[in-house]
Amino acid sequence: RHVVNQFGHHFKLAGVNWYGASDSYHVVGGLDMRPLEDLCNAVADMGFSTVRLPFSSEMLRIDEVPEAAIDFKLNPELRGLNPLEVMDRVIEGLGAVGVAVVLNNHTTTGAWSGGAELNGVWFREGCSTYSEMSWIADWVEIAERYRSSPHVIAYDIRNEVRPISVLPGSSGPRWGSNDELCWARAAGNCARALVGAGASGLIVIERICWPQGTLKEMLVPTPPWEAWSVPRDRLVLSLHMYSWSGPGSWSPKHFTPGPVRAMLDVVDYIGSRALYGEMSEAELEAQMDEEFGFCLDQAICPVWLSELGCNFNESEFNFFTRVCRYLKRKDVDFAYWPLNVGPKPGGNDDESYGILTNDWQPRWSDLRLQALRNLCRGPGLATSDQRRVPLHLPVRIPWQLQDATEDKTPSWYGHVSEPLLLAPRPWCSPLPGPLIQWPDLEKLERHELPEARYLWSALHGFDADPGEDAAVMPFTGLELDDAKLACVKGGFGGFALHEDWVYMRKAVPEHLKDRLQSGYPHTIFMLPTEVRLCAVWTALVESEIGEEKAPVTLPSVEGGNLTLPPDERHPEAMHEACQRACLEQEKFGYELRNGEALLFTKDEALAIQEAWMRRKLRPIETQEEAVEKRVVHLQEMVLASIGFAVFRDHDAFSGADLRVERGLSLGQCRQICLEDGYGGFALSGDTAFFRTAEGGVLRQRLVHSPGCD
C-alpha cells in the first residue's frame, strides 16, 4: 500500500513536477531566473519530499542547451554542459537538500504536450531513432547512469499514454490488446529490461490517459507483476487528475476547439460521463474510490497521483480542494503540476497552475501551496542535518519529529518550516516588518488583515482634478472627521473643501498629489496617507557606563519558554521563529538561551525598554557582540505608509497573471495586494493583472509596454 525506504519505513511521495527538460528548452524551467541551488532549496523549503522530473527522448540526444534557456550569469557552473549533463546537476542539487527524484519520460520530442498528438505514445512509427526498442534502451542507459545516485528513486516510464489522432479510422493505445499499441506489452518489456539490467528503484506505470479507465483494468485478469514476472515491490501504479478530465472521456476535450468540443460534450452526456470538475464532492469521492482508492483500501499496491493541479478559477479550485481532502484522509502519494511559472515553452500561454512567484520563489500566501504543505506532512527522505536551511527561513523540524510536534512538542508556533511571511499575516516587502493590529482594537483572527489608518494633509489654496467630482456632499452640519470617513469608505483618493461643499476625487492619493494646482484661495484640499502598524525587533546589549565601564545587569525574564531545534548554520532562522511566536502569542520580545527562547511579557518588555531609555542598554553594533554578550530582542511598533509607485507605459512579467480582476479602483487593487501578498499589478483599461514577485523585483524587471501602467 505504501512506498517504503531501504529500512522498511514509509516514504511519502509528496511531490511536485518540475518540467522543462521535456520541452523545447530541454532543461528544467527557472534557470533563466534564479541559481539552480536556490531553486532546489525552494522545493525543499516548501515541504516536498519528491520531484517528478519530466524529460524527452530527444533531450538525451541534444548536444547544446538552447539559447536563453539558462542565464549563465546566475548559473555559471552550467556553461558548456549539454542538457543531459544539466539534468545531472539538477538531480545532484535536489539530492543535496534531501529531495528524491522520479524521472519521467514525458515526451518523445521536446515540445509542450497535450491532447491527441504524436507524443501520445512511446514510439514514432517508422522511425528508428524513436522506436520502442530505442525507448527501452534509453531507459536502461538512464538507470545505469544514475545507479549510484541514491536520490533517484523511481522511473516513471511514460507520461499520459493516449491516442495520437482523433480522426475517423485512427486507433489508440489499449491495455492488453497485444498489438503494436498495447501499453501493457510495452510497459512490461520496459519493466523487465530495467529489472534485468539491475536497475535500482521503483518502476511507475501510468494508466492510459484517454480513454480513461480505472486501475482495475490494469490488474485483471492478471496483475502486471505476475504477467511480467517482475518483483511486486518494484511497481507503482499512477494516474493524473484535472478538473477538465474525467472518466470515460475518449478524447481530451480540454484541448479541442469549440465545435468539436460541443460534439464531444453531447457524446459524454449521452453516455452519462462527467468530468471531475462537474461532479459533486460525494460523486467525486465515489469515483476516486472506484478508480484507484480500492488499491489502497485493499493494500493491493502503491498508487501515485503524479499530476494534480489547478488555477484560481472557482470550479478548478473547488475540485482541487475536494481532491486534497480525499488525499489527506487516505494518505495518498501525489505530485502537484507544476512548480513552473511564466510562459509555457514554445508558446505565449501563461502557466496559471504554477505555485511560485513571477521570479521563481515560493509564494507562501498561495492557498494551493498551503493545501499541499498540509498533505506533505509525513515521512520524508532526509533528516534535518542533511537538509540545507537557507537564510531568512525559520528552523526546520526534522521529518521524523513532525508528527510529534503537532501534539507533544512544547511549541507555540506549530510547524516552523512555514516562514514568517504568514505569521500571522502577509509580510509584504518593502514594509519594515509584519503587519500587526492597533493596540486599542480587538485581537484579529489568524491571517486577518489589520485595518488601515490615515494621516491627513490640509493643503490651503490647492485643488487636484478640479471639476472631476466623483461625489458631492454638503459640508453643512458635518464634522471634518465625517468627511474623512466618507472619503475612505467610498474609496476616494481625497477631497476638496470649498465653501459649504465637499468634492470627492476618484483618483488615488499618489495621482492627486502629482496633479495638485495652486490658485484656489477659498479651497482646502484634504489628502490622506494610508498608514499601518508594523512590528520590528531591536537587538540590545548591556551598555558599559561610568569611569570603570561596569556592565549593567539586564532585567530578569520569566515570560515563557519556547523550545527550538538547533540550527548553528543559520541562526537568523531561529530569530524568525521567535518573532512569529511573539506575534501569535502576544509576547513582546525574546532572548535566545541554550537552544531555547525566553519570551517577554508586556511588563518585562516595559522594564527592558526603560533600561534602554536610561542608557543601560544599547543597540548591538557588531556580530561579535552577539557572541560575547547577553542579547535581548525587543519588539517595537512602527508606522509604515502604504502607497504605490506608478510607471506609465511599463509592465513587468507580462503574461504571468495569477489573478485578473476587472472594474476595481486602484485603492481596491492595493488592498488585494496587501491581503494576498501580491507585489504589484499592471493596469490596462479597466483590467488589473496582479504580479506575485516582490515590489523591488518588479521594479527591476520593468519593460516598456504601451497602454499599460
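Please read all numbers here as calculations on a predicted model, not as lab measurements.
Evaluation of the side-chain hydrogen bond (donor to acceptor under 3.5 Å, both in side chains) rule for Y25 yields no partner, not counting sequence neighbours. Residues forming a ring-ring contact (aromatic ring centres under 6.0 Å, His included) with H26 (at least two apart in sequence, or on another chain): none. Residues satisfying the side chain to side chain contact (heavy atoms under 4.5 Å, CB included) criterion with R207, sequence neighbours excluded, are Q212, L215, M218, L239, Y276, E291. Residues meeting the ring-ring contact (aromatic ring centres under 6.0 Å, His included) test with F690, sequence neighbours left out: Y678, F681. Every residue meeting the side chain to side chain contact (heavy atoms under 4.5 Å, CB included) condition with N311, not counting sequence neighbours, appears here in chain and number order: N313, E316, S352, Y353. With sequence neighbours excluded, the residues that form a ring-ring contact (aromatic ring centres under 6.0 Å, His included) with F55 are W139. Residues satisfying the side chain to side chain contact (heavy atoms under 4.5 Å, CB included) criterion with L118, sequence neighbours excluded, are R124, I164. Listed by chain and residue number, nothing satisfies the ring-ring contact (aromatic ring centres under 6.0 Å, His included) test with F319 (two or more places apart in sequence, or in another chain). Among residues two or more places apart in sequence or in another chain, the side chain to side chain contact (heavy atoms under 4.5 Å, CB included) test is passed with R322 by E281, L284, R325. For D366, the side-chain hydrogen bond (donor to acceptor under 3.5 Å, both in side chains) test picks out R368, with sequence neighbours left out.
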Counting only pairs under 3.5 Å, give me each side-chain donor-acceptor contact of residues 295-309, with atom names and distances, residues two or more places apart or in other chains.
| from | atom 1 | to | atom 2 | distance (Å) |
| --- | --- | --- | --- | --- |
| D297 | OD1 | K330 | NZ | 2.9 |
| D297 | OD2 | K330 | NZ | 2.7 |
| W304 | NE1 | F334 | O | 3.1 |
| S306 | OG | S238 | OG | 2.7 |
| S306 | OG | H240 | NE2 | 3.0 |
| E307 | OE1 | Y242 | OH | 2.6 |
| E307 | OE2 | R52 | NH1 | 3.0 |

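Residue E58 comes nearest to G110 through the heavy atom pair OE1-N, 2.7 Å, listed as atom of the first residue, atom of the second, then distance. Of all the heavy atoms in S243 and L275, the pair that sits closest is O-CB, 3.6 Å. Listed here is the closest heavy atom pair of W122 and P173: CZ3-CB, 4.4 Å. What you find for P362 and T357 is that their closest heavy atoms are O-CG2, 4.0 Å. Nearest approach of V97 to C40, heavy atoms of both residues: CG2-O, 3.6 Å. Nearest heavy-atom pair, M279 versus E283, reported as atom, atom and distance to 0.1 Å: CA-OE1, 3.5 Å.
Remark: I203 CD1 to I157 CD1 distance equals 7.5 Å, nearest 0.5 Å. To the nearest 0.5 Å, the span separating OG on S684 from CZ on R662 amounts to 10.0 Å. The CE atom of M46 sits 10.5 Å away from atom CD of Q361, with the distance rounded to the nearest 0.5 Å. Distance check: Y326 OH to T321 OG1 gives 15.5 Å after rounding to the nearest 0.5 Å. Of the inter-residue distances, the one linking L219 atom CG with W175 atom CH2 reads 8.5 Å to the nearest 0.5 angstrom. Interatomic distance, C324 SG to N374 CG, rounded to the nearest 0.5 Å: 8.5 Å.
Looking at V161 and C209, their side chains never come closer than 4.5 Å, going by heavy atoms from C-beta outward. You'll find the side chain of R670 reaches within 4.5 Å of the side chain of E530, heavy atoms only. In this structure, the side chains of L658 and E351 stay at 4.5 Å or more apart for every pair of heavy atoms. In this structure the side chain of I153 reaches within 4.5 angstrom of the side chain of L13, judged on heavy atoms. The closest side-chain heavy-atom distance from T50 to V101 is not below 4.5 Å. Residues L53 and M87 meet the side-chain proximity criterion, which asks for heavy atoms closer than 4.5 Å. Within the 4.5 Å cutoff, side-chain heavy atoms of F689 are placed close to those of T687. Inter-residue side-chain proximity for D156 and E206 is flagged as met; some heavy-atom pair is nearer than 4.5 Å.
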Note to self: Apply side chain to side chain contact (heavy atoms under 4.5 Å, CB included) to residues L698 and F653 and explain how you reach the verdict.
What the structure shows: CA-CA 8 Å; L698 295 176; F653 299 105; 3.7 Å; yes
Quiz item: Step by step, would you call R158 with T108 a side chain to side chain contact (heavy atoms under 4.5 Å, CB included)?
Solution: CA-CA 9 Å; R158 189 67 183 186; T108 301; 2.9 Å; yes
*asked:* Does D333 form a side chain to side chain contact (heavy atoms under 4.5 Å, CB included) with V3? I'd like the steps, not just the answer.
replied: CA-CA 9 Å; D333 293 338; V3 172; 3.9 Å; yes
Practice problem: Give the C-alpha distance, both sets of side-chain angles, the deciding distance and a yes or no for side chain to side chain contact (heavy atoms under 4.5 Å, CB included) between V332 and F292. | Solution: CA-CA 10 Å; V332 183; F292 65 89; 4.2 Å; yes
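Remark: the R162 side chain and the S113 side chain contain an N/O donor-acceptor pair separated by less than 3.5 Å. There is a side-chain donor-acceptor pair under 3.5 Å between N105 and S57.
Distance alone, capped at 3.5 Å, is enough to place a donor-acceptor pair between the N119 side chain and the T109 backbone. Looking at N318, its side chain does come within 3.5 Å of a backbone N or O of E314 through a donor-acceptor pair. S665 places a side-chain N or O within 3.5 Å of a backbone atom of Q668 that can act as its donor or acceptor partner. At least one donor-acceptor pair closer than 3.5 Å links the side chain of S49 to the backbone N or O of A14. Looking only at distances, a side-chain donor or acceptor of T107 sits under 3.5 Å from a matching main-chain atom of S22.
The pair K12-D331 counts as a salt bridge, with a side-chain nitrogen and a carboxylate oxygen less than 4.0 angstrom apart. A salt bridge is absent between D359 and R701; no separation between the charged side-chain nitrogens and carboxylate oxygens falls under 4.0 Å.
Applying ring-ring contact (aromatic ring centres under 6.0 Å, His included) to W337 and the options Y19, W18, F320 leaves one that passes, Y19. For the side-chain contact (heavy atoms from CB on, under 4.5 Å) test with R363, the passing option among L369, T692, V341, I355 is T692; the others fail.
Residue pairs that meet the salt bridge (Lys or Arg N to Asp or Glu O under 4.0 Å) test with at least one member in residues 208-220, sequence neighbours left out, do not exist here.
In R1, the CZ atom is crowded: over 12 heavy atoms of neighbouring residues, nucleotides or ligands sit closer than 6.0 Å.
Between H2 and H10, the two ring planes are parallel [angle under 30°; tilted spans 30° to 60°].
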